[in-house]
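Whatever order the structure lists them in is the order used to number ligands and atoms, beginning at 1.
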Amino acid sequence: MRDFPDPIKRLIEELGRLPGVGPKTAERYAFALLKRRGEDRERLADAILDIGGSLSTCSVCGNYTEENPCPICSDSRRDRTFVCVVATEQDLLAIERTGEFSGLYHVLGGVLSPADGITPNELNVRELLARVSRETPTELVMAFDHTIEGESTMMYLTRLLRPSGIRVTRLARGLPTGSEVGYADEVTLSDALRGRREVIREHESSTA
Ligand code: ZN
């Protein structure tokens, strides 16, 4: 069987590592790139190289940024008593786009998933606890996907934060089960933020 030349094979292999890109799509992307003019291709290559250069993560919230602290953390107009805990940077952006949230964020870097080897040590949990005792916010809103991993991460953090006496809330149930924060539309996400409720009280009333 005839195979693609090695450079194309390598490109297909690398593209195929991206989330949601199967072998067929990787092939399609690779050939679309081959058809691009040299300078077009260089721009893409430059953009990819750039993310390794000027980008770092904010030492306060863990968000990707070119300045440290990031523009959100250093914005004096934001409400410092209110921190939204999200799994990923995409979730942060989804909430930011609603225009509904004026507090700060904490990017956990994922959700707990013991089967995939994601334990609290792999996430910015220690940083969150240190931040809570340093900055003493009054409310933390947990904005995780409505999935088993999202729910268990939320319960884990809520239990961990309980001794601090801080109010821990969650997004309202408006977000359908299995739905992802980063892909929810702005109206649904705004409603979910506005209708947020306390985690412990809700959990206790459901187990009482
Ligand atoms: Zn930040």
Side-chain angles (χ1 to χ4, degrees), residues 19 47-113 118-147 149-172 175 179-186 188-190 192-194 196 198-199:
I48 294 172
L49 288 177
D50 251 11
I51 56 177
S54 55
L55 266 193
S56 63
T57 48
C58 173
S59 58
V60 182
C61 71
N63 189 18
Y64 283 125
T65 181
E66 286 187 287
E67 310 146 37
N68 195 9
C70 74
I72 295 177
C73 286
S74 45
D75 186 343
S76 60
R77 289 162 303 180
R78 302 206 59 129
D79 182 355
R80 288 176 185 270
T81 64
F82 198 5
V83 176
C84 181
V85 185
V86 290
T88 66
E89 290 78 11
Q90 288 123 286
D91 294 348
L92 182 157
L93 282 179
I95 291 175
E96 209 38 24
R97 277 197 287 260
T98 65
E100 190 68 37
F101 184 71
S102 60
L104 300 175
Y105 294 93
H106 191 86
V107 182
L108 217 52
V111 284
L112 292 175
S113 178
I118 316 270
T119 69
N121 286 334
E122 273 72 42
L123 304 174
N124 292 326
V125 171
R126 220 171 307 127
E127 290 79 354
L128 177 65
L129 295 180
R131 194 173 166 194
V132 163
S133 62
R134 187 176 67 234
E135 298 174 13
T136 58
T138 52
E139 179 177 343
L140 287 189
V141 54
M142 302 281 160
F144 295 119
D145 295 345
H146 272 199
T147 55
E149 290 83 7
E151 291 288 306
S152 54
T153 305
M154 180 188 74
M155 288 318 300
Y156 172 79
L157 291 178
T158 304
R159 258 178 247 124
L160 215 56
L161 288 158
R162 205 167 187 184
S164 70
I166 195 167
R167 181 174 142 92
V168 180
T169 56
R170 62 172 300 152
L171 294 180
L175 227 53
S179 71
E180 298 178 23
V181 173
Y183 296 103
D185 66 85
E186 285 161 33
T188 310
L189 212 45
S190 292
L193 263 171
R194 250 178 272 137
R196 64 185 191 279
E198 225 159 308
V199 179

**Q.** Closest contact, heavy atoms only, Thr188 versus Asp185
**A.** OG1-OD2, 2.6 Å

Q. How far apart are the closest heavy atoms of Leu157 and Val85, and which atoms are they?
A. CD1-CG1, 4.2 Å

Q: Decide yes or no on side chain to side chain donor-acceptor pair (under 3.5 Å) for Ser54 and Glu66, but give the supporting numbers first.
A: CA-CA 6 Å; Ser54 55; Glu66 286 187 287; 3.2 Å; yes

Q) Tell me, which protein N/O/S atoms are under 2.8 Å away from the Zn ion (ligand 1)? A) Cys58 SG, Cys61 SG, Cys70 SG, Cys73 SG

**Q.** Residue pairs fulfilling salt bridge (charged side-chain N to carboxylate O under 4.0 Å, His left out) with at least one residue in residues 80-96, sequence neighbours excluded
**A.** Arg78-Glu96

Q: For Ser59, enumerate each residue passing the side chain to side chain donor-acceptor pair (under 3.5 Å) test, keeping only those at least two apart in sequence or located in another chain.
A: Asn68

Q) Residues in side chain to side chain donor-acceptor pair (under 3.5 Å) with Glu67, at least two apart? A) none

